[in-house]
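The block underneath contains the structure these notes are about, expressed in structure tokens.
All residue numbers in this chain count up from 1 along the given sequence. Just so you know, ligand 1 is whichever comes first in the structure, and atom 1 is the first atom listed for that ligand.
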Amino acid sequence: MVKHFTIAIDGPAGSGKSTVAKMVARELGFLYMDTGAMYRTVAYFCRKHQIDWTDEAKVVAALPKLQMNVQLLDGKQHIFLEGEDVTDLVRTPEIGKGASSVGTFLPVRECMVRLQQSLAADVSVVMDGRDIGTKVLPDAPLKIYLDAGVEERARRRMGELAERGETADFAEICQQIRQRDEQDMHRTHSPLVQAEDAVFLDSTSMTAEEVAQRIIALAKERME
Ligand code: DC
């Protein structure tokens with residue numbers, strides 16, 4: 001059995017990365033790290049301090065004041081901003097949009113990548129995001145690129161909103177997903193691309209459980 005093993009899962013918004021990554025981590029006894037939550041926390045920090053998250057100079061100037069702390073409590077990743085647990089507060093579509101914006105700025109990315117690499121240095125992790133296989137864990141023995149069609153991702157998003165008692169317009173959600181893909185895939189620094197050695201999985205007509213089992217099987221093969 002390999003002592004230290006890392007699994008990098010990248011893919012666009014709504015492809016099911018976090019659901020699947022959590023299942024894989026639970027079954028293999030690895031830690032799950034959600035890097036999107038860290039970019040979301042930067043966006044939340046901007047909103048809290050009235051910093052325009054589309055203004056690179058202002059965001060970068062404020063970065064040294066970012067007091068972000070990532071902790072694992074009962075196996076779940078919690079993020080604290082200035083001492084406040086913001087884990088659930090950052091999970092809104094608006095903060096997601098802000099995260100995508102701050103994620104286009106190189107100094108923000110460098111700061112996040114350093115933090116993520118230090119968190120994963122000595123532990124076996126399943127990490128999800130957009131640049132994990134290409135930048136954060138380029139030597140990960142297992143890299144997955146998880147995709148799904150836009151309409152299926154929009155249906156999943158509608159389902160999540162419905163669970164929270166919120167309603168939304170399907171066409172509008174599709175449009176938001178396309179915009180997010182555009183920003184994440186075409187930014188200058190670390191755009192979302194499939195790493196050359198990543199395994200491509202299309203989850204459009206697979207359940208999360210099926211995707212997770214496929215990843216677990218691949219991990220077990222490579223850990224031998
Ligand atoms: O996975 P998510 O929806 O929580 O991510 C929110 C945004 O954060 C995403 O649209 C782009 C940015 N992000 C990034 O640039 N790099 C990552 N590793 C993770 C997220």
Side-chain angles (χ1 to χ4, degrees), residues 6-22 25 32-47 53-54 56 59-60 63 66 68 70 76-79 81 86-120 125-138 140 143-148 150 153-154 156-161 164 173-195 198 203 208:
T6 48
I7 303 178
I9 305 183
D10 291 299
S15 55
K17 296 183 302 290
S18 64
T19 310
V20 163
K22 276 182 209 151
Y32 163 59
M33 275 178 213
D34 170 3
T35 62
M38 302 178 198
Y39 288 88
R40 285 172 181 266
T41 301
V42 177
Y44 189 88
F45 163 80
C46 290
R47 202 187 53 188
W53 58 41
T54 64
E56 177 165 6
V59 174
V60 172
L63 216 47
L66 176 74
M68 181 168 103
V70 181
K76 184 175 182 259
Q77 173 181 292
H78 284 257
I79 305 203
L81 176 71
V86 296
T87 313
D88 296 328
L89 299 175
V90 301
R91 307 244 50 98
T92 68
E94 201 223 342
I95 295 294
K97 212 168 139 192
S100 181
S101 174
V102 298
T104 63
F105 308 145
L106 184 60
V108 172
R109 302 209 67 81
E110 288 172 341
C111 173
M112 296 297 113
V113 171
R114 262 199 309 276
L115 172 67
Q116 291 152 12
Q117 288 176 334
S118 69
L119 288 168
V125 292
V126 182
M127 198 181 266
D128 81 18
R130 306 291 188 289
D131 59 342
I132 310 306
T134 52
K135 284 274 167 176
V136 182
L137 303 173
K143 300 178 184 177
I144 305 291
Y145 187 91
L146 188 60
D147 206 350
V150 170
R153 290 191 276 142
R156 292 176 190 170
R157 179 93 203 98
M158 297 280 284
E160 280 164 23
L161 291 170
R164 301 210 306 245
I173 298 279
C174 285
Q175 179 58 14
Q176 282 170 7
I177 288 179
R178 286 198 183 90
Q179 271 171 4
R180 180 82 75 85
D181 284 356
E182 174 66 28
Q183 176 141 288
D184 292 349
M185 292 174 180
H186 300 287
R187 65 184 176 215
T188 311
H189 309 293
S190 314
L192 168 64
V193 285
Q194 182 180 341
S203 75

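Shortest contact from atom 3 (O) of ligand 1 to any protein heavy atom: Arg40 NH2, 3.1 Å. Closest protein heavy atom to atom 13 (N) of ligand 1: Tyr39 CD1, 3.7 Å. In terms of protein heavy-atom proximity, atom 19 (C) of ligand 1 is closest to Thr35 OG1, 3.4 Å. At the shortest separation from atom 10 (O) of ligand 1 among protein heavy atoms lies Asp184 OD2, 2.7 Å. Ranking the protein heavy atoms by distance from atom 7 (C) of ligand 1 puts Ala99 CB, 3.6 Å first.
Both the backbone and the side chain of Ser100 come within contact range of ligand 1, each with a heavy atom under 4.0 Å.
Compare Asp128, Thr134, Asp131, Ile95 by their heavy atoms: the one nearest to atom 18 (N) of ligand 1 is in Asp131. When Met33, Arg187, Arg130, Met38 are ranked by how near their heavy atoms come to atom 2 (P) of ligand 1, first place goes to Arg130. In the candidate list Lys135, Arg109, Met112, Arg109 is nearest to atom 16 (N) of ligand 1, counting heavy atoms.
A distance of 13.0 Å separates OH in Tyr145 from CD1 in Ile132, rounded to the nearest 0.5 Å. The OG1 atom of Thr104 sits 14.0 Å away from atom NE2 of His186, with the distance rounded to the nearest 0.5 Å. Atoms CE and CG, on Met38 and Leu66 in that order, are 12.0 Å from each other to the nearest 0.5 Å.
Distances from ligand 1 to the non-hydrogen atoms of Gln183 include no value under 4.0 Å. Proximity of Lys97 to ligand 1 is not established, as no heavy-atom distance is less than 4.0 Å.
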Working note: Lys22 + Gln77, criterion side chain to side chain contact (heavy atoms under 4.5 Å, CB included); need CA distance, chi angles, decisive distance, verdict. CA-CA 11 Å; Lys22 276 182 209 151; Gln77 173 181 292; over 6 Å; no
Show your working on side chain to side chain contact (heavy atoms under 4.5 Å, CB included) between Val136 and Gln117 and close with a plain yes or no. CA-CA 6 Å; Val136 182; Gln117 288 176 334; 4.0 Å; yes
As a quick check of understanding, evaluate side chain to side chain contact (heavy atoms under 4.5 Å, CB included) for Lys76 and Thr87, giving each step before the final call. CA-CA 10 Å; Lys76 184 175 182 259; Thr87 313; 3.7 Å; yes
Under the side chain to side chain contact (heavy atoms under 4.5 Å, CB included) rule, what do Asp128 and Tyr32 come out as? Steps first, then yes or no, please. CA-CA 8 Å; Asp128 81 18; Tyr32 163 59; 2.9 Å; yes
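With respect to Arg153 and Asp181, a salt bridge is recorded, a charged nitrogen being found less than 4.0 Å from a carboxylate O. The pair Arg157-Glu160 counts as a salt bridge, with a side-chain nitrogen and a carboxylate oxygen less than 4.0 angstrom apart.
Numbered from 1 in the order shown, with element, the atoms of ligand 1 that lie under 4.0 Å from a heavy atom of Arg91 read 4 (O). Those atoms of ligand 1 that come under 4.0 Å of a heavy atom in Gly129, given as number and element, are 18 (N), 19 (C).
In terms of polar-atom proximity, defined here as any N/O pair under 3.5 Å, Arg180 does make such a contact with ligand 1.
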